[in-house]
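First up is the structure itself, then whatever we jot down about it.
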Amino acid sequence: MSEWKGKNLKDMTDEECRTACAEIREQLLDTVSKTGGHLGSNLGAVELTVALHRVFDFERDRLVFDVGHQCYPHKMLTGRADRMDTMRKLDGLSGFPKPRESVTDAFIAGHASNSVSVALGMARARTKLGEDYRVIALIGDGALTGGLAYEGLSDAGSSGEKMIVILNDNGMSIQKNVGGVARLLSHQHLKPRYLRFKRHYRAAMQSVPGGKQFYNFTHWIKTHIKGSILPSTFFEDLGFEYVGPVDGHDIPELTRLLQWADTLDRPVLLHVRTVKGMGYLPAQNAPEYYHGVSPFDPEKGIVCSEPKRDYSAVFGQTLAKLAAEDPRICAVTAAMQTGTGLDGFAQAFPDRIYDVGIAEGHAVAMCAGMAKQGLMPVFAVYSTFLQRAYDMLLHDVALQDLHVVFGVDRAGLVGADGETHQGVFDLAFLSTVPHMTVLAPSNYAELASMLRSAFYDYEGPVAVRYPRGSEDTLFLENTSGEVDCVIREGAQFTLAGYGNMIPEILKAADQLEQDGISCEVVKINRLIPLKAERLIASVEKTHCLMVVEDVIQPCSVGRSFAFDLADRGIELDHLVLLTSGTEFVRHGSVDQLRHLLGIDAEAIVNKVKEVLA
Ligand SMILES: Cc1ncc(C[n+]2csc(CCOP(=O)(O)OP(=O)(O)O)c2C)c(N)n1
């Protein structure tokens with residue numbers, strides 16, 4: 001049952017629903033400003049979510065969120081309001097839909113543009129199995145820039161399946177939405193007033209003798225006249241019954257239209273206009289700052305002080321320097337300009353940055369075209385979203401031997417966003433791409449040097465993968481000139497790693513030294529192709545090796561190295577490979593997750609002692 005403060009939404013009046021919306025907004029602002037998370041999208045979707053819960057029953061009906069970052073009001077209406085302050089914390093609620101949390105969460109989401117495909121699959125399953133429930137996809141205009149959405153719409157429109165696609169159009173992706181889709185949506189128009197008239201006209205005609213035939217005749221004439229003099233909407237051409245745009249904050253109107261959509265036995269697309277950040281002025285006025293927030297004071301709003309210095313910022317600054325020297329360099333982002341640190345670059349070189357929308361596959365194929373014709377593109381992308389572009393990387397870049405640079409941001413554990421966002425897979429898939437180079441800095445200086453190196457010292461596809469957040473001051477040396485190097489000498493045990501694992505390994509080595517175990521630490525800078533001569537020399541000395549990584553176990557560097565050792569006939573007394581394991585990694589802080597996965601300093605110390613014992 002969908003309820004707010006103990007009252008079933010289906011029994012509430014419009015006025016009571018409005019009050020509920022105000023209370024939901026208040027709680028949203030209060031909790032998200034403490035926990036961090038997605039604010040603007042949720043504030044904008046409150047009325048829409050309430051209307052949906054008024055009309056449908058999501059214990060049975062299926063609501064498929066696109067991206068899923070706008071699901072907070074849905075969680076609050078489905079028995080989780082009192083646990084919202086645990087959201088994104090270890091063992092707390094997830095910031096995305098999670099069927100394991102509630103039967104009302106129909107499907108896990110996190111990556112954009114798949115909702116229509118998933119919903120169509122559900123609708124087809126329902127029809128094939130002779131079951132009876134509704135299926136609704138809720139997709140934003142930003143997610144509609146992703147090609148996958150059109151594959152779903154094209155199939156769904158022609159399928160004839162009873163389903164509803166709700167397009168939540170707020171003109172925004174994380175930043176202002178881009179491209180032809182944004183323009184297309186501003187032209188789509190079919191007045192709900194016309195639909196109301198049509199509804200009443202049909203009802204009236206059906207109640208008089210012969211009225212039904214008369215209605216069908218006039219409907220036929222209207223359709224043909226309309227078709228010949230008015231352009232149909234894009235969605236109608238795809239096979240949807242299109243209605244919109246409607247005010248997405250008008251609960252009675254939304255309720256009526258959803259009820260009407262529910263009476264139709266075919267695919268319906270309801271185009272809803274909402275205001276991102278609705279009800280909280282700072283977020284309404286600057287929605288790009290309130291898409292995803294860290295904890296902040298709602299009284300003051302987010303104070304935009306000095307831009308913070310983190311790996312993304314250093315990437316952007318370095319790229320701008322390189323671009324100033326070399327006119328061939330240009331940057332590509334898939335709707336993540338700010339997140340990947342490219343705002344400064346965009347200001348300095350507005351005609352050398354391309355925001356392609358949430359379209360990672362297209363971004364990589366486009367980079368391939370740019371590289372083929374003489375440019376030096378860099379695609380700045382989060383590790384988790386690069387997953388979308390694996391085939392383009394193989395087919396359009398590597399196979400054609402093209403020099404495209406990848407700035408792979410948020411590589412490794414990312415923390416609170418959880419399973420859908422952990423950057424633990426990139427190494428596994430990049431390691432299968434022929435001619436691929438992967439470099440891994442452990443501090444800002446190394447990131448800057450490696451980025452330059454990626455452009456000028458290598459050919460083919462080159463990825464520089466760097467963690468989320470800031471560098472750890474425990475290791476500030478720039479060792480990027482070497483493919484691997486000894487950063488601490490020792491005699492008994494070799495500890496190896498890269499990226500964010502280096503400070504953990506150094507802490508462990510300190511502790512082990514105090515406990516009487518001398519460890520040599522080898523840092524691997526180039527993960528692919530792996531040519532770790534220093535590491536080999538070290539293990540030939542110690543005969544004991546532990547490789548520590550925050551990536552999925554298959555295709556980890558440690559595994560590749562183990563094969564290398566076997567090839568060379570080098571046998572070790574002890575070989576320990578620590579990784580993020582073989583499972584999806586849930587949400588929690590990065591420190592907590594490292595601890596749980598057994599890849600923090602403490603776990604390294606314990607494991608070395610255990611092995612030596
Ligand atoms: C494949 C993929 N790339 C990038 C992202 C990052 N991302 C999360 S939300 C978002 C914007 C979504 O915009 P829209 O669908 O319009 O929803 P809104 O936030 O405006 O409600 C982006 C780019 C993602 N989730 N998935």
Side-chain angles (χ1 to χ4, degrees), residues 28 32 37-49 64-74 95-97 108-118 137-149 151-152 165-179 181-182 185 248-249 271-278 283-284 286-293 312 332-340 342 355-364 379-390 392 408-410 414 417-423 425 468:
L28 270 176
V32 179
H38 290 99
L39 184 62
S41 322
N42 283 294
L43 288 172
V46 174
E47 285 81 9
L48 184 52
T49 311
V64 183
F65 285 98
D66 207 286
V67 184
H69 62 313
Q70 71 292 61
C71 70
Y72 302 2
H74 166 80
F96 292 93
I108 297 175
H111 289 199
S113 315
N114 65 343
S115 62
V116 181
S117 306
V118 172
L138 175 56
I139 183 167
D141 58 310
L144 209 62
T145 56
L148 178 57
E151 298 174 26
V165 176
I166 300 178
L167 169 57
N168 178 14
D169 177 6
N170 54 25
M172 296 292 295
S173 192
I174 292 180
Q175 283 157 305
K176 195 112 200 79
N177 205 10
V178 295
V181 173
L185 294 183
H249 302 290
H271 183 176
V272 171
R273 286 254 162 83
T274 60
V275 176
K276 202 160 176 171
M278 183 69 170
Q284 270 179 238
E288 62 278 19
Y289 292 121
Y290 291 86
H291 176 85
V293 298
S312 311
V332 175
T333 172
M336 303 297 290
Q337 182 181 297
T338 302
T340 54
L342 287 175
D355 180 351
V356 299
I358 310 180
E360 290 81 6
H362 159 58
V364 173
F379 179 31
V381 58
Y382 290 5
S383 161
T384 187
F385 302 138
L386 184 57
Q387 288 162 205
R388 282 281 168 95
Y390 178 62
M392 291 75 191
V408 183
D409 200 328
R410 277 123 167 112
V414 300
D417 280 336
E419 284 98 326
T420 51
H421 284 63
Q422 308 287 7
F425 298 101
R468 179 169 195 266

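Residues take their numbers from the sequence shown, with the count starting at 1. Ligands are counted one by one from 1 in listed order, and the atoms in each one are counted from 1 as well. Model, not experiment: these values are computed from the prediction.
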Is the closest heavy-atom distance from Ser173 to ligand 1 below 4.0 Å?
yes
Which one of Gly361, Ala334, Gly142 has a non-hydrogen atom at the shortest distance from atom 14 (P) of ligand 1?
Gly142
Within the structure provided, determine whether Leu28 and Pro73 are in side-chain contact (heavy-atom separation under 4.5 Å).
yes
When you compare ligand 1 with His111, is there at least one nitrogen or oxygen pair between them that comes in under 3.5 angstrom?
no
Within the structure, does Ala112 bring an N/O atom to less than 3.5 angstrom of an N/O atom in ligand 1?
yes
Atom 3 (N) of ligand 1: the protein heavy-atom neighbour that sits closest, reported with distance to 0.1 Å
Glu360 OE2, 2.7 Å
Looking at side-chain heavy atoms only, is the closest gap between His38 and Val32 below 4.5 Å?
no
Supply the atom-to-atom distance Ile139 CD1 to Asp169 CG, rounded to the nearest 0.5 angstrom.
11.5 Å
Starting from atom 7 (N) of ligand 1, what is the nearest protein heavy atom, named by residue and atom, and what distance separates them?
Ile174 CD1, 3.9 Å
Gly140: numbered ligand 1 atoms lying under 4.0 Å from its heavy atoms
14 (P), 15 (O), 16 (O)
Kindly confirm or rule out an N or O of Asn168 lying under 3.5 angstrom from an N or O of ligand 1.
no
Looking at side-chain heavy atoms only, is the closest gap between Ile174 and Met336 below 4.5 Å?
yes
Between Ile358, Thr274, Leu167, flag the one that comes closest to atom 12 (C) of ligand 1 by a heavy atom.
Ile358
Nearest protein heavy-atom contact for atom 25 (N) of ligand 1: which residue, which atom, what distance?
Gly110 O, 2.9 Å
Check: Met172 and Ser41 side chains under 4.5 Å, non-hydrogen atoms
no
Shortest protein contact, atom 5 (C) of ligand 1 (heavy atom only)
Phe385 CZ, 3.3 Å
Can you find a non-hydrogen atom of Gln70 under 4.0 Å from ligand 1?
no
Pick one: which of Leu148, Leu144, Thr145 meets side chain to side chain contact (heavy atoms under 4.5 Å, CB included) with Ser113?
Leu148
Using a 6.0 Å cut-off, check whether atom OH of Tyr289 has over 12 heavy atoms from anything other than its own residue.
no
Considering only heavy atoms of Asn170, which atoms of ligand 1 have at least one such atom less than 4.0 Å away?
18 (P), 20 (O), 21 (O)
Under 4.0 Å from ligand 1, counting heavy atoms only, is it the side chain of His38, its backbone, both or neither?
neither
Hey, what do you get for NE2 (His271) to CG (Asp141), rounding to the nearest 0.5 Å?
7.5 Å
Side chains of Asp417 and Phe96: closer than 4.5 Å at any heavy-atom pair?
yes
With backbone taken as N, CA, C and O and side chain as the heavy atoms from C-beta onward, which portion of Asp141 lies under 4.0 Å from ligand 1: side chain, backbone, both, or neither?
both
Donor-acceptor side-chain pairing of Asp409 and Thr340 below 3.5 angstrom
no
If you measure every N or O of Ser41 against every N or O of ligand 1, does any of those distances drop under 3.5 Å?
yes
Could you tell me whether the side chain of Lys276 reaches within less than 4.5 Å of the side chain of His291, counting heavy atoms only?
yes
Is any side-chain heavy atom of Gln175 closer than 4.5 Å to a side-chain heavy atom of Thr338?
yes
Hey, is ligand 1 close enough to Met172 that some N/O pair sits below 3.5 Å?
yes
Looking at side-chain heavy atoms only, is the closest gap between Leu185 and Leu167 below 4.5 Å?
yes
I'd like to know whether ligand 1 has Met336 as a neighbour, heavy-atom separation below 4.0 Å.
yes
Ala143 versus ligand 1: do any nitrogen or oxygen atoms come within less than 3.5 Å of each other?
yes
How far is atom 8 (C) of ligand 1 from the closest protein heavy atom, and which atom is that?
Val67 CG1, 3.9 Å
Contact with ligand 1 for Gly40, non-hydrogen, under 4.0 angstrom:
no
